[in-house]
Protein chains: 2
Amino acid sequence: MSLRHALLTSLMEKPCTGAELARRFEKSIGHFWQASHQQIYRELAALEADGLIEVRGLATARGSQRHFAVLAGGRNELERWCLLSADPHPVREALLVRLRAAAVLGTVDLASEVRRHLGLHQDSLRRYQAIQGRDFAEGSPLTPAGELQLAVLRAGIEFERAWLAWCQQTLCEGLSEKK
Amino acid sequence: MSLRHALLTSLMEKPCTGAELARRFEKSIGHFWQASHQQIYRELAALEADGLIEVRGLATARGSQRHFAVLAGGRNELERWCLLSADPHPVREALLVRLRAAAVLGTVDLASEVRRHLGLHQDSLRRYQAIQGRDFAEGSPLTPAGELQLAVLRAGIEFERAWLAWCQQTLCEGLSEKK
DNA sequence: TACATTTATGCAACTTGTTGCACAAAGGAG
DNA sequence: CTCCTTTGTGCAACAAGTTGCATAAATGTA
């Protein structure tokens with residue numbers, strides 16, 4: 001049920017329309033939680049039905065912009081959910097299934113695929129580091145909220161670094177079957 | 001569609017029953033792909049319907065053991081899927097949503113939750129390292145298949161290490177709101 | 001103004017993962 | 001042998017995520 005709470009969080013940061021939310025999910029929130037616009041509209045409808053958010057301004061008809069804002073109930077719900085304890089999501093990565101499959105097949109070489117992933121993780125890492133350099137320059141004082149945002153960014157960086165290191169080491173250790 | 005291929009892989013390593021697969025998913029495969037027994041039975045039925053696996057031995061009725069084995073079509077399907085390129089699954093971690101929510105709420109302290117996650121990641125890391133020490137002792141020569149299995153294990157280790165480091169640094173940087 | 005393009009909203013069907021339960025068989029204890 | 005527990009199989013309902021498309025409004029252009 002995190003999409004609901006990711007939406008509430010984003011709307012608390014700044015009330016906006018569904019399309020704007022979708023854009024934000026692509027850019028910032030999407031670094032740790034993704035959602036398509038269809039998912040977003042569906043969940044916005046549910047949130048409205050549950051009285052956790054409301055439409056601000058003119059809700060004329062289909063196709064016209066609808067601005068949403070969080071109600072008191074929504075804030076309470078977000079706080080309640082935040083205080084629950086929840087275990088980390090386990091790894092679920094198809095590439096690892098494919099490695100294991102390659103091991104049992106013996107006829108598939110995944111070296112180029114690992115090399116491709118290495119490049120993708122490198123790109124992500126650089127993107128995150130660019131944001132860090134831009135928004136969280138060295139030595140500048142941080143508000144408590146800023147510290148939390150930086151922590152989220154650091155998670156992305158650690159994560160990408162870990163995969164990057166893994167790809168490199170895996171390639172070094174003669175991944176190819178055709179030696 | 002990775003569950004299907006994880007099952008094919010596991011059945012190629014060793015044909016077995018649904019319950020045995022479920023146990024293997026809990027132990028080894030579950031480190032990078034999880035599935036409940038209900039999911040497994042459902043997918044086994046689909047695989048059988050598609051002619052990719054077959055029942056070996058006596059398939060009497062409900063409640064009696066059914067042993068499955070991969071057919072040629074299944075092996076081909078696994079190989080085909082293995083050769084497709086697929087992007088890494090993006091991060092999707094509720095704790096990060098909660099951090100961001102805490103940042104905007106300003107009234108929630110997630111320090112103890114981060115500490116709890118730190119402990120969980122520590123446990124996972126130790127478990128992986130124990131397996132590494134047991135099955136892949138230093139300097140022993142590895143078959144190509146063994147190298148791939150070790151690579152999968154290393155992924156788990158890198159991943160847990162990254163989260164561990166993140167938890168530690170996040171706790172150091174005054175996560176608590178109540179300073 | 002008329003028309004085409006882009007943006008925003010949204011439905012419907014499908015796939016995948018989760019939860020709760022039910023029933024059959026196997027195996028042990030009396 | 002009978003009862004009881006455990007193990008194995010499986011259905012059904014639901015929740016969450018994905019894909020494809022439809023329609024309305026806003027915007028640009030002839």
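Residue numbers begin at 1 in each chain, while the letters A, B, ... track the order of the sequences.
With sequence neighbours excluded, no residue forms a ring-ring contact (aromatic ring centres under 6.0 Å, His included) with B:Trp33. Judged as a side-chain hydrogen bond (donor to acceptor under 3.5 Å, both in side chains), and not counting sequence neighbours, B:Gln149 has no contacts. For B:Glu93, there are no side-chain hydrogen bond (donor to acceptor under 3.5 Å, both in side chains) partners two or more places apart in sequence or in a different chain. Applying the salt bridge (Lys or Arg N to Asp or Glu O under 4.0 Å) test to A:Arg115 and every residue at least two apart in sequence or in another chain returns nothing. Judged as a side-chain hydrogen bond (donor to acceptor under 3.5 Å, both in side chains), and not counting sequence neighbours, B:Arg42 has no contacts. With sequence neighbours excluded, the residues that form a side chain to side chain contact (heavy atoms under 4.5 Å, CB included) with B:Ala86 are A:Arg98.
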Before you tell me yes or no, could you show the steps for B:Glu158 and B:Arg154 under salt bridge (charged side-chain N to carboxylate O under 4.0 Å, His left out), namely the whole-Å CA-CA distance, both residues' side-chain angles and the distance that decides it to 0.1 Å?
CA-CA 6 Å; B:Glu158 288 287 347; B:Arg154 276 195 303 97; 5.2 Å; no
Check the pair A:Arg92 / B:His89 against side-chain contact (heavy atoms from CB on, under 4.5 Å), numbers first and verdict last.
CA-CA 8 Å; A:Arg92 189 173 262 188; B:His89 198 76; 5.9 Å; no
Just do the salt bridge (charged side-chain N to carboxylate O under 4.0 Å, His left out) check on A:Arg23 and A:Glu20 with the steps written out, would you?
CA-CA 5 Å; A:Arg23 264 180 251 116; A:Glu20 171 62 23; 2.6 Å; yes
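We find that CG of A:Asp50 is positioned 12 Å from P of D:dA15, with the value rounded to whole Å. B:Gln65 has its CD atom 9 Å from the C1' atom of C:dA26, to the nearest Å. The distance between atom CG of A:Leu47 and atom P of C:dG10, rounded to the nearest whole Å, is 13 Å. Distance CD (A:Glu48) to P (C:dT9): 12 Å, rounded to an integer number of Å. Atom C1' of nucleotide C:dA8 and atom NE2 of A:His67 are separated by 11 Å, given to the nearest angstrom. In this structure, the CE atom of B:Met1 is 10 Å from the C1' atom of C:dT16, given to the nearest Å.
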Just distance, no hydrogens or angles: give the donor-acceptor pairs under 3.5 Å from side chains in residues 119-134 of chain B, sequence neighbours left out.
from: B:His121; atom 1: ND1; to: B:Glu160; atom 2: OE1; distance (Å): 2.6
from: B:Ser124; atom 1: OG; to: B:Leu120; atom 2: O; distance (Å): 3.2

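Near DNA chain C, meaning a heavy atom under 4.0 Å away, the residues from residues 10-32 of chain A are A:Thr17, A:Gly18, A:Ala19, A:Arg23. Of the residues in residues 74-83 of chain A, none has a non-hydrogen atom less than 4.0 angstrom from any atom of DNA chain C. Contact check of residues 35-43 of chain B against DNA chain D (heavy atom, cut-off under 4.0 Å) returns B:His37, B:Gln38, B:Tyr41, B:Arg42.
Here the closest heavy-atom approach between residue B:Leu99 and residue A:Ala151 is recorded as CD1-CB, 4.2 Å.
Taken together through direct or relayed side-chain contacts under 4.5 Å among Ile, Leu, Val, Met, Phe, Trp and Tyr, B:Met1 and B:Leu52 form parts of separate hydrophobic clusters.
B:Gln34 places a side-chain N or O within 3.5 Å of a backbone atom of A:Val91 that can act as its donor or acceptor partner.
Comparing the local axis fitted to the first five base pairs of the helix from C:dT1-D:dA30 to C:dG30-D:dC1 with the one fitted to its last five gives a bend of 0°, rounded to 10°.
Here B:Arg4 does not reach the OP1 or OP2 of C:dT16: none of its side-chain N or O atoms lies under 4.0 Å away.
Annotation: side-chain hydrogen bond (donor to acceptor under 3.5 Å, both in side chains) contacts involving residues 2-13 of chain A, sequence neighbours excluded, comprise A:Arg4-A:Glu43, A:Arg4-A:Asp50, A:His5-A:Glu77, A:Ser10-A:Arg24, A:Glu13-B:Arg100.
Comparing D:dG10, C:dT9, C:dG17 by their closest approach to the side chain of B:Leu3 singles out C:dG17.
If B:Phe68 and B:His89 are placed on DNA chain D by their nearest nucleotide, the residue sitting closer to the 5' end is B:Phe68.
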